[in-house]
Amino acid sequence: MFVTPRKGGRGAFLPEDFVVPTLVAGPRFRIRPITVHDVVKDYGAVLGSLERLEGRFGPEWGWPDKEFTFEQALIDVAWLQKEGQLRRSFSYVVMTPDEERQLGRIHVAPSDKPSADAVVVFWVRADEEDSSVEKELEEFVREWVTTAWPLETVRFPGRDLRD
């Protein structure tokens with residue numbers, strides 16, 4: 001399961017009046033909050049990328065497990081959806097514009113280090129590794145979380161050398 005780092009208590013980490021983005025659409029992808037309805041495509045994206053994801057996140061994240069089952073995927077996705085409803089962390093699917101294929105995920109959560117407001121983790125499926133979609137998504141995410149979200153300092157574990 002994806003374990004979000006925590007800063008302080010278990011409550012919301014964003015201002016109550018902040019309207020959390022629910023859809024970002026562009027020519028190459030659509031980004032929207034993950035729901036249990038995404039579990040089939042999400043499971044396929046994760047299974048097809050297990051080795052890459054294990055290398056990206058490592059054992060300290062506790063995800064994905066080598067024995068990742070569909071049932072576990074359903075629990076994970078439902079948990080991520082609930083975390084968003086509670087405003088504790090926010091997880092998004094990155095889909096093709098026609099929503100036929102999941103390209104990856106984005107997670108925005110409180111930082112576990114006092115030097116940052118949030119930690120943002122994102123990934124694309126293994127068959128999109130080093131593609132123009134991955135590069136475009138990285139550029140987009142870095143700008144999006146610092147301009148559309150009330151965040152000043154954001155950590156990008158696994159992508160920045162200092163993390």
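Nothing fancy with the numbering, it's 1 onward along the sequence.
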- Message: Heavy-atom count check: over 12 atoms from other residues, nucleotides or ligands less than 6.0 Å from Gln85 CD?
- Response: yes
Does [X] pair with [Y] as a salt bridge, N-O distance under 4.0 Å?
X: Arg105; Y: Asp38; answer: no
X: Asp117; Y: Arg155; answer: no
X: Glu139; Y: Lys135; answer: no
X: Arg125; Y: Glu134; answer: no
X: Glu99; Y: Arg32; answer: yes

- Query: Is the distance between the ring centroids of Tyr92 and Trp144 under 6.0 Å?
  - Reply: yes
- Item | Leu151 vs Leu14, side-chain contact (heavy atoms from CB on, under 4.5 Å): CA-CA, chis, key distance, verdict | CA-CA 9 Å; Leu151 306 170; Leu14 298 172; 4.0 Å; yes
Any side-chain heavy-atom pair of [X] and [Y] under 4.5 Å:
X: Val39; Y: Glu71; value: no
X: Val124; Y: Leu137; value: yes
X: Ile31; Y: Phe140; value: yes
X: Thr35; Y: Val93; value: no
X: Ser91; Y: Ile106; value: no
X: Leu23; Y: Arg30; value: yes
X: Glu100; Y: Met95; value: no
X: Val94; Y: Trp123; value: no

- Residue set satisfying side chain to side chain donor-acceptor pair (under 3.5 Å) with Gln81, at least two apart, ordered chain then number -> none
Over all heavy atoms of both residues, which pair between [X] and [Y] is shortest? Give the atoms and the distance, please.
X: Pro21; Y: Trp149; result: CD-CZ2, 3.7 Å
X: Ser49; Y: Ala126; result: OG-N, 2.7 Å
X: Phe29; Y: Pro97; result: N-CG, 4.0 Å

Any donor-acceptor pair under 3.5 Å linking the side chain of [X] with the backbone of [Y]?
X: Tyr43; Y: Gln72; answer: no
X: Thr146; Y: Glu143; answer: yes
X: Ser89; Y: Ala109; answer: no
X: Gln102; Y: Ala45; answer: no
X: Arg88; Y: Pro110; answer: no

- What distance separates Ile34 CD1 from Asp76 CG, expressed to the nearest 0.5 Å? 9.0 Å
- Note on the structure: By side-chain contact (heavy atoms from CB on, under 4.5 Å), Pro27 pairs with (sequence neighbours left out) none
- Answer yes or no for Arg142 and Phe156: cation-pi contact, defined as NZ/CZ to six-membered ring centre under 6.0 Å and angle to ring axis within 45°. yes
- Do Ser132 and Arg28 have side-chain N/O donor and acceptor atoms under 3.5 Å apart? yes
